[in-house]
Number of protein chains: 2
Amino acid sequence: MKPNHDFTSKLKQAGIRVTPQRMAIYSLLMDYKNHPTAFMIYEQIRENFPSISLMTVYNTLNMLADRGLINVLGHAGDDSVHYDADIEPHVNLACISCHNIVDINSKYVNQMTNEINSTSGYQLFGARVLFYGNCPACQNQSRSH
Amino acid sequence: MKPNHDFTSKLKQAGIRVTPQRMAIYSLLMDYKNHPTAFMIYEQIRENFPSISLMTVYNTLNMLADRGLINVLGHAGDDSVHYDADIEPHVNLACISCHNIVDINSKYVNQMTNEINSTSGYQLFGARVLFYGNCPACQNQSRSH
DNA sequence: TTGTTATTTTATAATTATTATAATATTGTA
DNA sequence: TACAATATTATAATAATTATAAAATAACAA
């Protein structure tokens, strides 16, 4: 049986040369579901690659995004860009207080994607469906003021 | 008959003090459909208010966004934030070549919004539903290389 | 209207996310 | 192994956004 995520071949298929840093960044983004920023990734990776530079993280993320292997979510109330390794159209839900982003399921996303694909005339690369508000935990915190 | 857009009362209702600069920024964002960045707004407004500062534009946009009068769309292939005065949930379609953003209708947006409102537990403030790709014009340009 | 106070606007400087550059290191391959 | 192409790193540069504080303006009471 083959491994669930064959990162190496995915990178190669996309024409991206395989290096330990890229593997670490890509697999971190695939494994974690927390939609991190470049800096958050940098801090994580540094535990295993103490000499990695933030530039490498940015280079890798831009490369992965250009080839369509990851998705750029944009800001989440803070001012840095969040990334998502889940490139299937789906809904993200961002909390503008704690800046966490979670995935949720919606039966309408695929229908909407198909609709736009067939009617817009655009050559679509991806979607960023992000609802924002206060998560349950942050709603409770603001009550206790 | 009352005017279609009563900017003054909208600002007042939101607790925002009315100034000529704020009126100009808000009405520009309501009238134009091109989802501009802060700098694009600055350049437009400067034709009527030669001494306006970019800081005022940022202050006003942040204030309008905080009170929920406008929507923050995030980046569109460039690296500055785009704004939208249409706060009804709707679909934006961004071209990553020319960085234009247009609105399109989708019958699924409202259904999706209601679904998330009732099932997520989040206190929702807005949505950013953005599909990206190449617009028809830019597809033609890239063919002629 | 006029005077007073709080709020805004503006100019300037500071911050910070991201990108550019160039030297060094590593990868793929003959 | 050795060569050529590409990647990584450290550093500096860029540019969007925010902070600060003085000057200007809006709200409002008398």
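Worth saying up front: this structure is predicted, and the values here are computed from it rather than measured. To find a chain, count down the sequence lines: A is the first, B the second, and so on, and within it residues start at 1.
In this structure, a donor-acceptor pair under 3.5 Å is absent between the side chains of D86(B) and N71(B). Q21(B) and T56(B) share no donor-acceptor pair across their side chains, judged by distance under 3.5 Å alone. Side-chain contact annotation: H35(A) with N92(A), donor-acceptor N/O pair under 3.5 Å present.
Distance CD1 (I25(A)) to C1' (dT8(D)): 11 Å, rounded to an integer number of Å. Atom OH of Y83(A) is separated from atom P of dA17(C) by 12 Å (rounded to the nearest Å). With rounding to whole Å, I52(B) atom CD1 is found 16 Å from dA23(D) atom C1'. With rounding to whole Å, M23(A) atom CE is found 17 Å from dT8(D) atom C1'. Atom CG of N59(A) and atom P of dA17(C) are 17 Å apart (whole Å). Protein atom CZ of R22(B) is 8 Å distant from nucleotide atom C1' of dT7(C), rounded to whole Å. Rounded to an integer number of Å, the gap from L54(A) CG to dT8(D) C1' is 13 Å. In this structure, R46(A) atom CZ and dA10(D) atom C1' are separated by 14 Å, rounded to whole Å.
Checking the phosphate oxygens (OP1, OP2) of dG28(C), no side-chain nitrogen or oxygen of R17(A) falls inside 4.0 Å. Residue T19(A) places no side-chain N or O under 4.0 Å from the OP1 or OP2 atom of dT27(C). When the side-chain nitrogen and oxygen atoms of Y58(A) are compared with OP1 and OP2 of dT19(C), none of them lie within a distance under 4.0 Å. At dA11(C), none of the side-chain N or O atoms of S53(B) fall inside 4.0 Å of OP1 or OP2 (strictly under the cut-off). The shortest distance between the side-chain N/O atoms of Q21(A) and the OP1/OP2 oxygens of dT26(C) is not below 4.0 Å. OP1 or OP2 of dT18(D) lies within a sub-4.0 Å distance of a side-chain N or O belonging to N62(B). At the phosphate of dT10(C), OP1 or OP2 sits under 4.0 Å from a side-chain N or O atom of S51(B).
Where K12(B) and T60(A) each meet DNA chain D at their nearest nucleotide, the meeting point lying more 5' is that of T60(A).
Formation of a donor-acceptor pair under 3.5 Å by the R22(A) side chain with backbone atoms of T60(A) is not found in this model.
Of the candidate nucleotides dT21(C), dA19(D), dG28(C), dG28(C) has the atom nearest to the side chain of V18(A).
No continuous path of hydrophobic side-chain contacts links V102(A) to L73(A) [ILVMFWY only; heavy atoms under 4.5 Å].
Note on T37(A): nothing from the nucleic acid sits closer than 4.0 angstrom, heavy atoms only.
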